[in-house]
Amino acid sequence: MSYPLVAQMFGAVAICPKCLESDNFRLTASALAASLTARTKWVILNFPNNPTGAVLEAEDLLAIAEVLRRHPHVAILSDEIYEHLTFGARQHVSLLNVAPDLASRVLIVNGMSKAYAMTGWRVGFGAGPAGLIRAMTIIQSHATSGVCTLAQAGAVAALQSDPSKRVQMCAVYERRRDHVLAALRGIKGLSCARPDGAFYLFPGVHRLIGRITSGGRRLQDDVAIAEALLEEAHLATVPGSAFGYAGHLRLSIAASDADLTEAIARIKDFVQNLRG
Ligand SMILES: Cc1ncc(COP(=O)(O)O)c(C=O)c1O
């Protein structure tokens, strides 16, 4: 959700190609191609995706790479911070795995927050063309000087730790994904695509719009639904419109099983008590 605002800060206009719930929110090459113009500077990819949990397969990326080859003036930022959080047989594939010829204009961004549960430690890293990394280093040295040394040492320990811990954590997220997905699909009025990665579910709440809560609010959009859930059910969600997807809510499953069970019960109760 920050990237469109970052673009705006630099006087750019962010165009968000539509990814459809019926495609499990995967970006198609045609949607990307329709968004690119001669004035496009950057394409920002984020898969596995926040907020939808969409994961791209090699064939999706091959088609996307073909589009990018036709637009050599465009640089590509690939945010792969959820790379280790994929479910079932799905594995993260990077654009550069399928299209190494694009390396001179791809910046890969990653960080410790997700796979190592180090949110708040402020350690991220990137890989890209030397000139771009040099420029980023200059800006960063004037903006934040550097990452606190304790956090850097923690990141080194995490990166060198036994990867089976990460795999175990991912299995827990997958179990929670299955649990919450089945529960949401069982609530009349909600739809929910299956996320294949990251730790969010992104149910469609279109059918709740226009209805009235037990507290007497009319739900005119997803923001009103998120507000009503917060104030009447004491449950925090993020409205999809914050990500350019009106009519959805983002739910995080980075919470305990007990909290998730309680959250589902509150959502069910909230929806069942709607009038109108
Ligand atoms: C897609 C994506 N990129 C990057 C980040 C950055 O994480 P942090 O600022 O904690 O390093 C997040 C965190 O929510 C994210 O969802």
Side-chain angles (χ1 to χ4, degrees), residues 1 19-26 48-55 82 84-90 113-115 117 119 167-276:
M1 117 169 101
C19 301
L20 303 177
E21 186 171 4
S22 53
D23 286 338
N24 267 13
F25 295 108
R26 278 149 59 184
N49 180 261
N50 172 11
T52 64
V55 173
Y82 295 97
H84 294 301
L85 302 179
T86 56
F87 306 138
R90 306 302 292 275
S113 293
K114 314 299 176 186
T119 306
V167 173
Q168 260 170 20
M169 184 176 76
C170 192
V172 171
Y173 280 132
E174 183 167 349
R175 184 170 44 74
R176 291 183 192 155
R177 187 268 320 249
D178 291 343
H179 170 207
V180 177
L181 181 64
L184 290 174
R185 285 181 170 172
I187 300 175
K188 198 160 167 262
L190 302 184
S191 60
C192 196
R194 189 194 65 189
D196 287 317
F199 45 61
Y200 309 103
L201 283 94
F202 201 54
V205 292
H206 309 88
R207 283 186 281 158
L208 310 188
I209 291 171
R211 302 190 66 198
I212 297 167
T213 65
S214 55
R217 293 157 203 263
R218 180 173 288 281
L219 300 174
Q220 77 269 22
D221 55 21
D222 56 311
V223 177
I225 296 173
E227 269 172 17
L229 275 169
L230 185 62
E231 288 173 20
E232 296 184 21
H234 304 146
L235 184 72
T237 62
V238 182
S241 51
F243 303 92
Y245 283 92
H248 289 266
L249 292 180
R250 189 192 71 174
L251 313 182
S252 166
I253 52 168
S256 69
D257 291 327
D259 281 352
L260 292 173
T261 301
E262 175 63 25
I264 292 160
R266 291 187 193 192
I267 294 174
K268 193 168 180 185
D269 204 47
F270 176 86
V271 173
Q272 280 175 349
N273 285 315
L274 292 175
R275 292 178 279 125

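None of these values were measured; they are calculated from a predicted model.
Looking only at side-chain heavy atoms (C-beta outward), Ile267 and Leu235 come within less than 4.5 Å of each other. Leu85 has its side chain within reach of Phe199: a pair of non-hydrogen atoms, C-beta onward, lies under 4.5 Å apart. Put simply, the side chain of Asp221 does not reach to within 4.5 Å of the side chain of Ser241, judged on heavy atoms. In this structure, the side chains of Thr86 and Pro48 come closer than 4.5 Å at one or more pairs of heavy atoms. Side-chain contact check for Val238 versus Tyr200: every heavy-atom pair is 4.5 Å or farther apart.
Salt-bridge annotation for Asp178 and Arg176: absent, with no side-chain N of the basic residue lying under 4.0 Å from a carboxylate O of the acidic one.
Looking at every heavy atom in both residues, Ala228 comes nearest to Thr213 through CB-CG2, 4.0 Å. Across every non-hydrogen atom of Pro195 and Leu181, the tightest pair is CD-CD1, 4.5 Å. When all heavy atoms are compared, the tightest approach of Ala226 to Leu249 is CB-CD2, 4.0 Å. Contact detail for Val55 and Gly197: the closest heavy-atom pair is CG2-N, 3.6 Å. In plain terms, the two heavy atoms of Ile253 and Tyr173 that are nearest each other are CD1-O, 3.5 Å. The two atoms that bring Arg185 and Ala193 nearest to each other are NH2-C, 3.9 Å, heavy atoms only.
Distance check, rounded to the nearest 0.5 Å: CZ of Arg218 to CG of Leu274 gives 11.5 Å. To the nearest 0.5 angstrom, Asp269 atom CG is 5.0 Å from Asn273 atom CG. Within the model, atoms CZ of Arg266 and CG of Leu229 stand 10.5 Å from one another, a figure rounded to the nearest 0.5 Å. Summarising the geometry, atom NE2 belonging to His234 is positioned 12.0 Å from atom CD belonging to Glu262; distances are rounded to the nearest 0.5 Å. To the nearest 0.5 angstrom, His248 atom NE2 is 12.0 Å from Phe243 atom CZ. Note that OG1 of Thr237 and CG of Leu201 are 12.5 Å apart. Values are rounded to the nearest 0.5 Å.
Proximity of a side-chain donor or acceptor of Arg211 to a complementary backbone N or O of Gly276 within less than 3.5 Å is detected. For Asn24 (side chain) and Ala54 (main-chain N/O), no donor-acceptor pair under 3.5 Å exists by modelled atom type.
For Arg26, the salt bridge (charged side-chain N to carboxylate O under 4.0 Å, His left out) partners at least two apart in sequence or on another chain are Asp60. For Glu174, the salt bridge (charged side-chain N to carboxylate O under 4.0 Å, His left out) partners are Arg177, not counting sequence neighbours.
Taking the six-membered ring wherever Trp is involved, the centroid distance between the rings of Phe202 and Phe25 falls below 6.0 Å.
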Applying salt bridge (Lys or Arg N to Asp or Glu O under 4.0 Å) to Arg217 and Glu227, what does each step give before you reach the verdict?
CA-CA 10 Å; Arg217 293 157 203 263; Glu227 269 172 17; 5.2 Å; no
Does Asn50 form a side chain to side chain contact (heavy atoms under 4.5 Å, CB included) with Lys114? I'd like the steps, not just the answer.
CA-CA 11 Å; Asn50 172 11; Lys114 314 299 176 186; 5.6 Å; no
Test side chain to side chain contact (heavy atoms under 4.5 Å, CB included) on Leu184 and Leu251; report intermediate values, then the result.
CA-CA 11 Å; Leu184 290 174; Leu251 313 182; 3.7 Å; yes
Give the intermediate values and the outcome of side chain to side chain contact (heavy atoms under 4.5 Å, CB included) for residues Cys170 and His84.
CA-CA 8 Å; Cys170 192; His84 294 301; over 6 Å; no
Start with the C-alpha distance between Cys19 and Tyr245, add both sets of side-chain angles, then the distance that settles side chain to side chain contact (heavy atoms under 4.5 Å, CB included), and finish with yes or no.
CA-CA 9 Å; Cys19 301; Tyr245 283 92; 3.2 Å; yes
